[in-house]
Student: 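Handing you this structure, nothing more for now.
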Number of protein chains: 2
Amino acid sequence: MPTSGDGAAKEHRTVSRVTTILELAAAGPGGVRLSELAEQLGAPRSSIHGLVKGLVATGYLREEDGAYTIGPAVGTLLAAATPSIEQAARPVMRRLGERFGETVMLAEPVGDSVVYTETVESTQMIRYSAPLRTRRPLYPTSSGKCVLAFARKRFRDNYLSAHVPDGEQRNRVEQELTEIAETGIAVNRGETMPDVYGIGVPVLVGERVLAVLATAGPSHRMAGRVDEIAAAARLAAREVSELITRRG
Amino acid sequence: MPTSGDGAAKEHRTVSRVTTILELAAAGPGGVRLSELAEQLGAPRSSIHGLVKGLVATGYLREEDGAYTIGPAVGTLLAAATPSIEQAARPVMRRLGERFGETVMLAEPVGDSVVYTETVESTQMIRYSAPLRTRRPLYPTSSGKCVLAFARKRFRDNYLSAHVPDGEQRNRVEQELTEIAETGIAVNRGETMPDVYGIGVPVLVGERVLAVLATAGPSHRMAGRVDEIAAAARLAAREVSELITRRG
DNA sequence: GCCGTATGTTCGTATATATGAATACGATGA
DNA sequence: TCATCGTATTCATATATACGAACATACGGC
């Protein structure tokens, strides 16, 4: 998998013609006629004829009285454009937050960190207030644990060897991550800040963790219902995943 | 020019592939890889490779880390979609109406009539109140005169022979229409309703009259400034024409 | 009504492009 | 570090498609 940036985006005559046809159809008031398309493209009518008919068949062009205009399919391209994960997650997060009265965050992995890109804060007096758009470590945050647990072996090993002392502790952490990978639930029991619990569940698309849905709050409210919250969060994460994978 | 409705919109393999690629790129969250495109299309990677590169070159696809997403050019298709003539005309009409304190209408030719599709009414006590969306004759309305003056010879002759008595009167009308074609200004001096003046100027796109911008009001306010209003209206009509022809 | 012109459509051939094998490259796991 | 895998890319050849001419059809002016 070459991380190739572009690779000399070569031109392709037919493709260029197709796109130009669409552009001309979009620009021309009341549509464009076949002859005009041919003229603008510097190609014979008969050549454009086939392309245009093909575009009509696929709904990208509409034929109206011999004039061609942009068809309905073009709009669906943008409409079907996958909503950003933040957009998709927001309503789901809100429901989750209201149900348990705790703060819910969406964390996305970036490099050797996670970043909270969206939060729905609890309305309780005592609550976890999330630092939006700042980097947090991959351990021992609940979000980070999720990322590590589902990350590639090499990446995980690299990170752990740099951030967790070798020996007994390392083994415990690796054991924990293995369990997280199995259960799909990561918990931070006051490891970052005493008295703050976090529960992270991955938003999975295929094998990849696109983001983590994390619920956080004071231990006295969280400790007794970790399983309950985790179960609900897993359903919520699954819903987000479906929202961003289903095609429009 | 066959008025053909469609003509058996045949499919075109390459075109279908291009459109499907766009759809897949729009649907897939975070983009689609070349291999997946090839698989979904049931075609070899190498075949899709060329198409994809072509789409990247034209801006319809964006390559990001080996994954393809919808490119910026797609949005411009819809953005560049020509605004309806009503939309384009509305602000121009408003300015014109305010400047002279008279009612301004946009008339579009339909069959043997014109229809007012948009109006900006004067705020004066005495004003011309326009009948929106009803058919008006092509003569002697100022809008209709404009349409006739720029219409094809055959169409014009047909209409006149059906609506204007042969002989002296017919000659005068034809003379009037010729002048209108030269000046680009049609005036209705109380010919439809006594005391109501109308000034029509064509919104031309190429040779065609897409619509007519008509300013109407009571003769005592209009008669003395026909030329002034007509000059301003011509500029306004030209502006509308440019708005709907310029490509985005 | 007739003819001249412009447009869309069809058809057999030339050619650009799709194909599939082979190559190059990066990532992954031991 | 090495071998393995999957992916993107290149290249010579087969083929779908673009070409240009001829045909059909509608429209314009006389």
Student: So how far off straight is the helix from C:dG1-D:dC30 to C:dA30-D:dT1, going by the axes through five pairs at either end, to 10°?
Tutor: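 One end's axis against the other's: 50°.
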Student: Going by the rule ring-ring contact (aromatic ring centres under 6.0 Å, His included), which residues pair with A:Tyr159 if we only count those two or more places apart in sequence or in a different chain?
Tutor: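 Expected list: A:His163.
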Student: Please report, rounded to the nearest Å, how far the P atom of D:dA18 is from the CG atom of A:Leu37.
Tutor: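 Rounded to whole Å, this separation is 14 Å.
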Student: Heavy atoms within less than 4.0 Å of DNA chain C: which residues of residues 43-50 of chain A have one? Give them sorted by number.
Tutor: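 The answer is A:Arg45, A:Ser46, A:His49.
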Student: Protein-nucleotides 28-30 of chain D N/O pairs closer than 3.5 Å?
Tutor:
unit_1, atom_1, unit_2, atom_2, d
D:dG29, OP2, B:Lys153, N, 3.4
D:dG29, N7, B:Arg154, NH2, 3.2
D:dG29, O6, B:Arg154, NH2, 2.6

Student: Going by heavy atoms in the side chains, are A:Val209 and A:Val203 under 4.5 Å from each other?
Tutor: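 No, their side chains stay 4.5 Å or more apart.
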Student: Considering only side-chain heavy atoms of B:Ser35, which listed nucleotide, D:dC19, D:dT7, C:dA18, is closest?
Tutor: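 The answer is D:dT7.
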Student: What is the separation between atom CZ on A:Arg33 and atom C1' on C:dG8, rounded to the nearest whole Å?
Tutor: 9 Å
Student: Step by step, would you call B:Glu191 with B:Lys145 a salt bridge (Lys or Arg N to Asp or Glu O under 4.0 Å)?
Tutor: CA-CA 12 Å; B:Glu191 298 155 56; B:Lys145 285 179 184 174; 3.0 Å; yes
Student: Rounded to whole angstrom units, what separation is found between the CD atom of A:Glu207 and the P atom of D:dG6?
Tutor: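 So the two atoms are 14 Å apart, to the nearest Å.
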Student: Enumerate donor-acceptor pairs with a distance under 3.5 Å from any side-chain N or O in residues 54-62 of chain B to protein atoms, sequence neighbours excluded.
Tutor:
unit_1, atom_1, unit_2, atom_2, d
B:Thr58, OG1, B:Gly54, O, 3.2
B:Thr58, OG1, B:Leu55, O, 3.0
B:Tyr60, OH, A:Glu23, OE2, 2.7

Student: Could you go through nucleotides 13-17 of chain C and list every protein N or O atom that sits under 3.5 Å from one of its N or O atoms, giving the distance for each pair?
Tutor:
unit_1, atom_1, unit_2, atom_2, d
C:dT17, OP1, A:Arg13, N, 3.4

